[in-house]
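Structure record follows, encoded as structure tokens.
Remember, predicted model here, so these are calculated numbers, not experimental data. Proteins get letters first, then strands, A, B, ... in listed order; numbering begins at 1 in each.
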Protein chains: 2
Amino acid sequence: MAAKRSGARGKRPQRTSETSEWLQPLHEPRSEPSLSRERIVAAAVELLDAQGVDGLTMRRLADRLGSGVMSLYWHVDNKEDVFDLALDSVLEYRGPPQIAQDWRGEVVHMLEDWRASMLRHPWSTLLLPRRALGPNILSRLELLSKTLSRAGVADADVNVAIWSLWNYVMGATITRASFDLSDDDRAAAQQRLTRLSERYPTIERSRLLLDNDWDGAFRKGLGFLLDGLSPR
Amino acid sequence: MAAKRSGARGKRPQRTSETSEWLQPLHEPRSEPSLSRERIVAAAVELLDAQGVDGLTMRRLADRLGSGVMSLYWHVDNKEDVFDLALDSVLEYRGPPQIAQDWRGEVVHMLEDWRASMLRHPWSTLLLPRRALGPNILSRLELLSKTLSRAGVADADVNVAIWSLWNYVMGATITRASFDLSDDDRAAAQQRLTRLSERYPTIERSRLLLDNDWDGAFRKGLGFLLDGLSPR
DNA sequence: GATTGACTCGTACATGGTACGAGTCAAAGT
DNA sequence: ACTTTGACTCGTACCATGTACGAGTCAATC
């Protein structure tokens with residue numbers, strides 16, 4: 001069911017010139033191999049990485065792919081769909097590096113990888129809270145579940161343990177990213193934090209907001225949580 | 001610096017009629033006490049509660065306040081500003097119910113109140129990740145900091161402990177709300193989850209996604225975390 | 001040669017944020 | 001008494017964006 005036409009012809013290699021300073025002049029496909037869900041998702045991720053959540057518009061996406069805007073809609077339902085696909089595409093997990101470690105090492109590796117994947121694409125922390133679970137997230141939960149069971153966590157506690165770990169990782173990652181996102185100007189942000197923390201003495205003394213060792217804090221806190229969860 | 005005019009006069013009690021079925025026909029101020037930052041924020045929260053994040057538009061907000069859209073901009077910088085103010089306004093903490101409990105009780109009370117406040121306004125979980133720290137959040141962190149110090153947590157560990165708790169609460173709350181947000185149709189959502197979890201055997205067996213005792217899981221997981229954090 | 005169905009895309013519209021500058025009004029200054 | 005001022009209101013206009021609609025292409029099949 002389709003036929004007809006109306007306007008003029010394409011506008012293939014137009015690239016509005018205002019958007020010319022893009023990274024990766026590489027893999028601009030020479031022959032524009034026509035659209036596909038995969039190419040769209042890949043382009044969306046590139047755009048999100050470069051421009052953030054608000055930088056992704058259907059028009060820009062089409063531009064980048066050398067296609068008309070409405071062509072995208074043959075492959076995806078709508079913009080939400082693009083977000084879902086981009087998010088899940090970034091959360092794939094390839095498993096622990098070597099053959100079996102101890103369960104704690106496995107869990108830590110997976111969770112640190114999770115956090116790292118998201119921080120490589122900070123927009124993911126803004127998207128995750130509002131979208132449903134994609135296959136890659138579910139795989140991670142599945143893996144976590146298996147590992148904890150094998151580790152001897154009581155059946156009744158496994159779900160609580162999973163959610164606790166999930167919560168911890170999500171909270172840490174989202175928070176971490178929001179400090180990066182909410183002020184591009186590092187110096188100004190630091191200033192603002194200092195000014196703020198002056199009004200909150202205890203926080204100020206401990207430099208809660210000024211400490212930069214996010215990775216260390218993440219690891220250490222995760223340690224505490226695992227201590228609490230360990231079958232004693 | 002200002003003068004002149006151009007168009008016609010107001011459109012005070014218009015209320016587009018499509019939006020007539022609003023809750024609280026109460027506190028519609030009879031005399032339209034003119035705009036103020038506070039009234040704007042209050043109206044924004046009402047709108048967000050009723051319509052969600054996407055439901056808040058400057059036009060609707062103005063409508064609800066019986067004012068012109070552009071009048072809002074005298075009191076707030078822009079829409080982002082409205083979001084910031086609305087979010088912080090919802091996070092006030094009034095302290096623990098009685099006089100001093102044990103530290104653990106205090107911490108648990110504050111964190112459960114935090115979670116409850118946000119779940120009362122589910123849109124807050126979508127906003128928090130992208131905005132800076134407002135005064136009410138900082139107060140909570142301050143309080144937490146004081147309590148943990150008094151409880152005997154080693155100085156070197158206090159910050160890690162605070163962030164761990166924050167992360168846990170944020171993750172739990174955001175996750176919880178996203179399950180509510182991402183599908184209004186409860187039955188369909190449940191269906192979808194069931195279908196999904198069939199492809200992930202361990203998760204399926206433990207009914208990770210189908211268990212509804214969010215409050216219990218939150219409390220129990222928090223318990224584990226506090227176990228790990230407790231000065232032993 | 002006609003049909004079909006997968007895919008592309010221009011046009012058009014509705015919605016939303018907000019720049020701009022004109023307007024009101026009460027209080028202070030003269 | 002008039003003017004000035006500055007706090008506040010608001011209509012208009014513009015621009016960006018998502019996407020409905022329906023027309024168009026083209027290769028494979030009949």
Q | Nearest-Å distance for atom pair CG/P, residues Leu65(A) and dC9(C) | A | 11 Å

**Q.** side chain to side chain contact (heavy atoms under 4.5 Å, CB included) against Asp81(A), all qualifying residues, sequence neighbours excluded
**A.** Arg37(A), Val76(A), Asp77(A), Asn78(A), Leu85(A)

Q) Between dG11(D) atom C1' and Met58(B) atom CE, what is the distance in whole Å? A) 16 Å

Q. Taking CZ from Arg39(B) and P from dC8(D), how many angstroms apart are they, rounded to a whole number?
A. 14 Å

Q: Decide yes or no on side chain to side chain contact (heavy atoms under 4.5 Å, CB included) for Glu204(A) and Tyr200(A), but give the supporting numbers first.
A: CA-CA 6 Å; Glu204(A) 213 252 308; Tyr200(A) 301 88; 6.0 Å; no

Q. Hey, does Ser178(B) have a side-chain heavy atom less than 4.5 Å from the side chain of Thr125(B)?
A. no

(Q) Suppose we screen for side chain to side chain donor-acceptor pair (under 3.5 Å). Which residues come up paired with Trp166(A), at least two apart in sequence or across chains? (A) Thr175(B)

Q. To the nearest angstrom, how far is Gln51(B) atom CD from dT15(C) atom C1'?
A. 15 Å

Q) Donor-acceptor pair, Glu142(A) side chain versus Ile203(B) backbone, under 3.5 Å? A) yes

Q. What is the distance from CZ of Arg59(A) to P of dT19(D), rounded to the nearest Å?
A. 11 Å

Q. Roughly, in whole Å, what's the span from CG in Leu56(B) to P in dT18(C)?
A. 11 Å

Q. Is the NZ or CZ atom of Arg176(A) positioned over Phe218(A)'s six-membered ring, under 6.0 angstrom from the centre and within 45° of the axis?
A. no

Q: Quickly work out the Asp54(A) CG to dG17(C) P distance and round it to whole Å.
A: 13 Å

Q | Interatomic distance, Asp63(B) CG vs dG16(C) P [rounded to whole Å] | A | 11 Å

Q.
Expected output is a numbered-order residue list: members of residues 70-79 of chain A with a heavy atom under 4.0 Å from any atom of DNA chain C. What is it?
A. Met70(A), Ser71(A), Trp74(A), His75(A)

